[in-house]
Amino acid sequence: MKKLPFTIDDKHFDSSTVESFIREFWQEEKLFETNSNLDKNKNVFSIILPPPNANARLHLGHVSGYAYQDLMGRFHRLLGDDVLLLPGKDHGGIQTEVVFEKELSKQNIRKRDLSRDEFFKRCYEFSIMNMKNAREQEEMIGLSADFSKDIFTLDDRIKKTVYDTFVSMYKDGLIYRGKRIINWCTRCLSALADVDTENKDEDSFLYYIKYGDDLVVATTRPETKIADTALAVNPRDERYKKYINTEIEVVSPEGTYMLPVIAEDDVDMNFGTGVLKITPGHSPEDYKIGLRHNLPIKTVIDKYGKMNESSNQYKGLKVIEARNKIVEDLKKMGLLVKIEAINHSVPVCERCKTIIEPLISYQWFLSLDELKRKTILAIENEDIKIHPKRMGKNLIQWLVSPEDWCLSRQLFWGFKIPAYYCGGKDIISDENGNLIEKYGGSGGCGEIIVQENVPDKCPKCGGTNIVAEEDILDTWFSSTQWPYATLLSYPGYFEKYFPTSVMETGRDIIFFWVARMIIMGIYKYGEVPFKDVHLHGLVTDKEGKKMSKSKGNGIDPFEMIQKYGVDALRYSFVFANSIGKDYRLFDEKIKGNRNFVNKIWNASRFILQNISDEGNIKVATNESNLSPIVKNNEDYIKFSEFENRIIELNKKYKFGKASEEMYEYFWHTYCDVLIEKYKEKIKEKDIEAMEVLLTILVSFMQLLHPYMPYITEYIWILLYEKNIVTENSISKTKFFNIS
RNA sequence: GGGUUUAUAGCUCAGUUUGGUUAGAGCGUUACAUUGACAUUGUAAAGGUCGCAGGUUCGAGCCCUGCUAAACCCACCA
């Protein structure tokens with residue numbers, strides 16, 4: 001072993017010196033590397049670590065997650081388990097694409113100026129750079145992962161699994177190409193799933209517009225008037241009963257046309273006038289109503305957010321421009337009754353905050369009905385245990401919604417959809433303005449071929465004019481396969497480690513990720529991909545507000561590490577917190593834990609300084625070779641009870657409680673009571689005093705190690721150098737009273 | 001509208017499968033100590049109607065009901 005950088009004569013514990021020393025030591029010893037050999041005497045414990053997005057430095061959220069994951073891994077190593085912590089890096093899909101677009105714009109380059117391949121290449125380089133940073137930071141915080149197995153989500157081995165799943169889901173009829181209303185981002189120029197959108201409050205106007213002679217409709221979107229295909233009223237609404245199932249003549253700036261009036265329970269009698277215009281082509285709610293009443297679907301807005309050619313006067317105008325102009329025109333025609341100010345929420349793109357334009361479009365979908373049902377059963381039967389339990393209810397609530405998952409994205413950064421069209425595909429519109437996708441128009445039979453590799457000819461007609469799908473897969477389609485896709489990438493790992501022991505992640509991505517990982521696992525292997533789900537809360541500032549760049553209330557974890565050390569920061573994430581609860585982090589909290597680190601250092605220092613070298617004191621390695629002197633010592637007996645208690649708390653994921661009790665025990669029992677009690681005796685080299693204090697110290701280092709890996713390992717090495725313990729690393733040991 | 005959570009000292013939080021003496025900790029505040037393993041320390045003190053109102057009970061911070069306030073999630077917002 002290298003010369004120790006730091007001795008027991010140093011009063012103040014210098015965390016960064018010790019951290020880099022220990023880090024090198026761990027790397028040299030290759031302590032956390034794994035293999036596919038199954039040892040039947042050992043339990044297997046595995047966590048596939050949630051991969052951070054390779055588009056920025058790690059933030060507090062990542063570090064807090066790693067604190068929990070590493071804690072569990074190290075704890076199970078000390079139980080004697082065969083532990084795998086498998087690290088990875090996420091290409092981050094649309095998130096990274098948007099971040100990198102901003103990078104490009106700094107160089108005055110627009111994304112669509114580059115080819116897809118060129119964009120992909122540059123974004124890949126950008127990601128590689130970030131991945132290196134992330135990796136360094138992961139090592140810095142003491143993550144005991146097997147870095148020789150670090151894997152990127154765009155790795156070819158991952159791609160193989162993802163494509164296999166896509167193809168088999170297509171063959172099973174779960175994945176299909178379909179037309180429906182989807183969330184469209186006019187800036188990203190892509191379809192988005194519901195979870196990729198969020199709601200934003202917006203000040204807008206409610207326009208009251210005359211429809212026919214008697215009816216007035218209140219709408220925020222007058223520009224979609226041209227695409228109306230019905231009016232709807234509540235069947236219980238006495239005011240409008242007589243109009244139901246009639247047709248009224250509607251005058252508009254684009255001419256006069258007839259609209260049916262339908263009865264619909266979903267219409268709120270108290271909103272506006274109680275008359276709703278139905279625009280199935282541009283509103284998800286209206287789309288559903290349209291399906292129920294078999295209404296035609298008209299489209300007036302294109303993918304750029306501009307009015308399309310079905311409008312004569314507004315063609316080419318952006319939505320807002322068209323809205324203002326049509327309002328002017330309606331006013332001139334005497335059709336505008338009044339305008340009210342309104343604050344309502346609108347869906348926006350989760351990434352770039354552009355207002356979503358609901359559009360009718362052909363996309364790839366995954367039917368989830370059956371899989372969701374099975375997933376609910378798995379949760380209800382506790383095939384998978386969610387901690388905290390109440391989050392399971394949230395999950396089930398989300399799973400009962402029947403929406404299919406829109407898998408295709410019109411983006412550059414990600415896996416291409418493995419689909420091909422014999423003779424290509426075209427979008428045409430029929431006489432009613434309905435969009436129809438036609439296949440095989442440019443010389444082919446129109447067969448859709450779904451397979452991993454590019455086909456050289458059509459398996460149906462033998463044609464060679466094969467056109468590849470240009471869309472890419474939603475990044476969540478691949479990341480929800482992460483638990484098995486990673487393990488399948490290394491021979492024997494899947495067999496040994498699947499299903500994994502725990503999925504540990506933030507409570508905020510339970511729908512995005514956790515729910516759909518379970519769904520995919522159930523599809524692929526008929527079983528849940530992990531046995532337990534542990535969800536940690538979000539880190540907030542002292543006022544309980546979410547940290548964000550724009551608010552400027554964020555804490556840089558690496559600044560805190562420089563100031564107080566990794567151990568203090570990591571302890572602050574778990575200290576006195578309960579599972580799934582958000583926790584407030586601030587400087588004084590971390591500082592308090594730094595003081596605890598220093599207390600541990602000084603107490604250990606005192607013991608080590610006063611141990612007689614000639615006495616050749618050794619500490620028992622397990623309960624059976626414990627000396628009777630220690631075994632019967634009342635202070636040791638009490639400690640032993642405490643030790644069992646902490647181990648039990650860890651098993652129950654009660655890390656907050658355990659950390660609190662360890663703090664309390666070490667500071668106020670070990671230091672304040674026991675050291676004081678044995679102080680004089682120890683200086684007289686009394687064997688019982690030395691053995692009791694040492695045995696407790698050694699065991700306590702093991703107990704605390706998952707929570708504070710650096711200082712405990714360093715003290716352990718000092719004990720090893722003094723021949724007090726026989727292994728040179730805590731990671732090679734087991735808890736004292738585990739046989 | 002549906003679901004979930006929280007409310008305990010100035011601040012941040014504990015208060016435990018199971019209700020039980022005088023409700024605890026850290027930070028902060030105040031006083032004192034200091035060549036001592038540790039001033040990143042020690043000893044002590046002040047500080048609480050346990051959100052409000054009922055109920056169950058010999059006994060409620062804990063269980064039940066209602067209310068108030070705050071936060072989060074889902075749906076909708078024409």
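All chains are named by letter (A, B, ...) in the order of the sequence lines, taking the proteins before the strands, and each is independently numbered beginning at 1.
- Nucleotide B:G42 holds its C1' atom 15 Å from the CZ atom of A:F606, rounded to whole Å.
- Atom CD1 in A:I396 sits roughly 14 Å away from atom C1' in B:C74 (whole-Å rounding).
- Partner assigned to B:G1 is B:C74, using Watson-Crick or G-U wobble distances below 3.5 angstrom.
- Across all strands, A:F575 comes closer than 4.0 Å to no nucleic acid atom at all (heavy-atom distances).
- Pairing of B:C13, defined by two Watson-Crick or G-U wobble distances under 3.5 Å, is identified with B:G24.
- In this model, the phosphate group of B:A78 is not approached by any side-chain N or O of A:K288 to a distance below 4.0 Å at OP1 or OP2.
- Base pairing of B:U18 is not made with any nucleotide, judged by Watson-Crick or G-U wobble geometry with both donor-acceptor distances under 3.5 Å.
- You won't find any donor-acceptor pair under 3.5 Å spanning the side chain of A:K11 and the base of B:C38, going by distance alone.
- Base pairing of B:C62: no nucleotide in any strand meets the Watson-Crick or G-U wobble criterion (both distances under 3.5 Å).
- For A:E676 and B:G36, the CD to P distance is 14 Å, given to the nearest whole Å.
- Backbone-only engagement by A:K683 is indicated by non-hydrogen atom pairs under 4.0 Å involving sugar-phosphate atoms exclusively.
- We find that CG of A:D672 is positioned 6 Å from P of B:G42, with the value rounded to whole Å.
- Here the options are A:V533, A:I510, A:I376, the test is side-chain contact (heavy atoms from CB on, under 4.5 Å), and the partner is A:L395; only A:I510 passes.
- For the side-chain contact (heavy atoms from CB on, under 4.5 Å) with A:V514, the lone residue among A:I386, A:T505, A:I519 that qualifies is A:T505.
- Across all strands shown, B:U49 remains unpaired; no Watson-Crick or G-U wobble contact has both distances below 3.5 Å.
- Listed candidates were B:A37, B:U12, B:U40. Nearest to the side chain of A:I675 is B:A37.
- Taking the nucleotide of RNA chain B with the nearest heavy atom to each of A:Y207 and A:H12, the more 5' of the two is matched to A:H12.
- The distance between atom OH of A:Y663 and atom C1' of B:G24, rounded to the nearest whole Å, is 14 Å.
- Separating the C1' atom of B:U56 from that of B:A60 is a span of 10 Å, rounded to the nearest Å.
- What separates CZ of A:F586 from P of B:C13 is a distance of 7 Å, to the nearest Å.
- Nucleic acid contact for A:R594: base, since at least one base atom lies under 4.0 Å from a heavy atom of the residue.
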Show the distances under 3.5 angstrom between N or O atoms of the protein and N or O atoms of nucleotides 14-19 of chain B.
unit_1, atom_1, unit_2, atom_2, d
B:A14, OP1, A:K581, NZ, 2.8
B:A14, OP2, A:K581, NZ, 3.3
B:A14, O2', A:K657, NZ, 3.4
B:A14, O2', A:E660, OE1, 3.0
B:A14, O2', A:E660, OE2, 3.2
B:U16, O2, A:R645, NH2, 3.1

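- Here A:K589 lies in heavy-atom contact (under 4.0 Å) with sugar-phosphate atoms only.
- Between A:E664 and A:S604, the residue anchored closer to the 5' end of RNA chain B is A:E664, taking for each the nucleotide with the nearest heavy atom.
- The separation between A:N595 atom CG and B:G28 atom C1' is 14 Å, rounded to whole Å.
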Under the ring pair (Phe, Tyr, Trp, His ring centres under 6.0 Å) criterion, do A:F655 and A:H534 qualify, and how do the steps go? CA-CA 12 Å; A:F655 308 122; A:H534 180 274; 5.8 Å; yes
Between the protein and nucleotides 69-73 of chain B, list every N/O to N/O distance that falls short of 3.5 Å.
none

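- As rounded to whole Å, 11 Å separates atom C1' of B:A37 from atom CZ of A:F666.
- Residue-level contact check: A:V267 touches the bases, meaning some heavy atom is under 4.0 Å from a base atom.
- In this structure, B:A7 and B:U68 make a Watson-Crick or G-U wobble pair, each of the two defining distances being under 3.5 angstrom.
- Classification of the A:F596-A:F666 ring pair by plane angle, with boundaries at 30° and 60°, yields perpendicular.
- When the nucleotides B:U4, B:U40, B:C13 are ranked by their closest atom to the side chain of A:K393, B:U4 comes out on top.
- Using a 4.0 Å heavy-atom cutoff across all strands shown, A:A603 reaches at least one base atom of the nucleic acid.
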